[in-house]
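To start, the structure itself, in C-alpha cells.
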Amino acid sequence: MALPDTTRPTLLEARREVSISIRASEEWQPSYKKHPATFKALLLHEAQLEESVAEYLAGLADRAPNYIDWSLIPEPLQVTAASSPLANKDDAVWEGEALDLTKAVIEAITLLVATGGQYGELEYGIDLGITSLSETVLVAAREQTAALVSQVTETNRKLIREAIKQSIARGEDADGTIARIRKVINNPVRAEMIAQTESVNAYGRGLYDFANTTGAKTKTWEALAGACKICAPIDGQTVPIDKPFVLGNGKEVMHPGCHPRGRCGAYYNY
C-alpha cells in the first residue's frame with residue numbers, strides 16, 4: 001500500500017511563505033498596508049491563488065496534447081486546439097477546462113473579495129460583519145472568477161495554437177511540439193502574474209462593494225508612487241461612485257486593479 005506524500009504539502013507551504021515574504025517587501029500604494037491584518041490576508045490569499053493557478057496550468061500542460069487534432073499538423077492554416085479527432089469540435093473540452101479552473105481559483109478569489117470588504121470596515125469604521133459567506137461577497141467572487149476564467153482559458157487556447165504554428169515553422173516532430181506546448185502552458189511566471197493581477201482586482205471589488213453598500217458618494221484614485229502612464233494621469237482624480245475611472249489608455253474601470261501587477265488604490269468619500 002502506497003504511503004501518502006507528506007513532502008509535497010510541506011514544500012508548498014514553504015513556497016507560499018517565501019512568496020508572501022517577497023510580496024510584503026515590494027512596493028504597494030500605502031493604503032494596502034494601513035491595516036496589517038487585511039494586508040497579511042491579502043498576501044496570503046494571493047499566494048494561495050498563485051499556487052492554485054500554477055497547479056491548474058501544470059495539469060493543463062499534461063492534458064493539452066490530447067486536445068490537438070494531429071492529422072492537421074501538416075496544414076498550419078487549419079491547425080486548431082481540438083477536443084477530438086474532429087477539428088473545431090472543442091467546446092465541450094474547453095468548457096470542462098473552464099470548470100476545472102473555476103474550481104481551482106474560486107476559494108482564493110472569494111477570500112480576496114472578503115478581505116477588501118474587511119479593509120473597508122476597518123478603514124471607515126462601519127461594521128457589516130463581512131465574511132467569505134456574505135451574499136455580496138459570493139456574488140462578486142462568482143463574477144470576478146468568471147471574468148478571470150474566460151480570459152485565461154482563451155489565452156491558453158491561443159498559446160497552444162501559437163506553439164503548434166511555431167513547431168511547424170521549425171520543423172519539429174510531435175515530441176518537440178508537445179514539449180513546446182507544455183513549456184508555454186506550464187509557466188510559473190504567468191501564474192505569478194495572474195495571481196498578482198487578479199488578487200488586487202478581487203480585493204478592489206470587495207472594497208468597492210463595501211463602499212457602495214455603505215453609502216459612499218465618490219471615489220478617489222490613489223496611484224502608486226512612480227505610477228505608469230496608464231495610472232499616473234488619474235492620480236487624485238475623484239468621480240461619482242457609480243461612474244468609472246478613465247485611465248490613461250482610455251480604459252474604464254470601476255476600481256483598482258486595472259492592468260497586470262497593478263497596485264494602485266482608491267479612497268471612498270462619504
Side-chain angles (χ1 to χ4, degrees), residues 23 26-35 37-39 41-43 45-46 49 108-130 132 134-151 193-270:
R23 299 293 167 258
E26 294 174 347
E27 187 176 14
W28 293 77
Q29 199 282 325
S31 64
Y32 287 96
K33 297 184 177 183
K34 189 170 182 180
H35 298 286
T38 51
F39 184 57
L42 169 58
L43 296 176
H45 303 322
E46 180 185 302
L49 181 59
I109 293 292
T110 302
L111 291 168
L112 285 158
V113 173
T115 299
Q118 290 161 357
Y119 171 90
E121 291 180 317
L122 292 171
E123 178 65 12
Y124 301 101
I126 305 173
D127 185 4
L128 297 182
I130 293 173
S132 60
S134 299
E135 183 62 24
T136 55
V137 170
L138 294 173
V139 171
R142 287 194 293 268
E143 293 177 355
Q144 296 295 122
T145 299
L148 166 62
V149 167
S150 176
Q151 183 179 42
M193 184 273 291
I194 291 170
Q196 290 185 33
T197 304
E198 296 305 325
S199 293
V200 170
N201 196 12
Y203 175 98
R205 170 66 184 271
L207 178 54
Y208 171 81
D209 284 352
F210 164 85
N212 199 31
T213 298
T214 54
K217 299 295 189 284
T218 62
K219 54 192 178 186
T220 302
W221 192 272
E222 297 182 307
L224 186 70
C228 66
K229 62 183 180 180
I230 296 175
C231 300
I234 63 168
D235 184 31
Q237 182 183 105
T238 298
V239 298
I241 191 157
D242 60 345
K243 301 296 182 183
F245 293 106
V246 180
L247 303 172
N249 60 0
K251 180 181 178 181
E252 296 184 351
V253 297
M254 295 302 290
H255 54 77
C258 61
H259 59 73
R261 294 191 171 94
R263 287 176 176 168
C264 291
Y267 188 83
Y268 292 88
N269 311 288
Y270 289 80

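With hydrogens and angles disregarded, a donor-acceptor distance shorter than 3.5 Å links the side chain of E121 to the backbone of I130. In this structure, K219 contributes its side chain and M254 its backbone to a donor-acceptor pair below 3.5 Å. No side-chain donor-acceptor contact under 3.5 Å links K243 to the backbone of I241. Between the side chain of W28 and the main chain of G265, no donor-acceptor pair closer than 3.5 Å is present. One N or O on the side chain of T197 and one on the backbone of R261 form a donor-acceptor pair closer than 3.5 Å. Not one N or O on the side chain of K34 forms a donor-acceptor pair closer than 3.5 Å with the backbone of E123. Panel note: side chain S150, backbone A146; no donor-acceptor pair is recorded below 3.5 Å.
Paired with H255 under the rule side-chain contact (heavy atoms from CB on, under 4.5 Å), one option of Y208, W221, F245 passes, and it is Y208.
In K33, the NZ atom is crowded: over 12 heavy atoms of neighbouring residues, nucleotides or ligands sit closer than 6.0 Å. Around atom CD of Q151, no more than 12 heavy atoms belonging to other residues, nucleotides or ligands sit under 6.0 Å away.
Considering NE2 of H45 and CD1 of I109, their distance stands at 11.0 Å, rounded to 0.5 Å. Annotation: the span from E143 atom CD to R205 atom CZ amounts to 4.5 Å, rounded to 0.5 Å. Note that CD1 of I194 and CG of L49 are 8.5 Å apart. Values are rounded to the nearest 0.5 Å. Going from atom CD of Q144 over to atom OG1 of T110 covers 10.5 Å, rounded to the nearest 0.5 Å. Between the OG1 atom in T136 and the CG atom in L128 there is a gap of 8.0 Å [rounded to 0.5 Å]. Atom SG of C258 is separated from atom CD1 of I234 by 6.5 Å, given to the nearest 0.5 angstrom.
Ring geometry for Y124 against Y270 counts as tilted: the plane angle lies between 30° and 60°, on a 0 to 90° scale.
Here the closest heavy-atom approach between residue V239 and residue Q237 is recorded as CG1-OE1, 3.6 Å.
Judged purely by distance below 3.5 Å, without hydrogens or angles, the side chains of T38 and Y203 never pair a donor atom with an acceptor atom.
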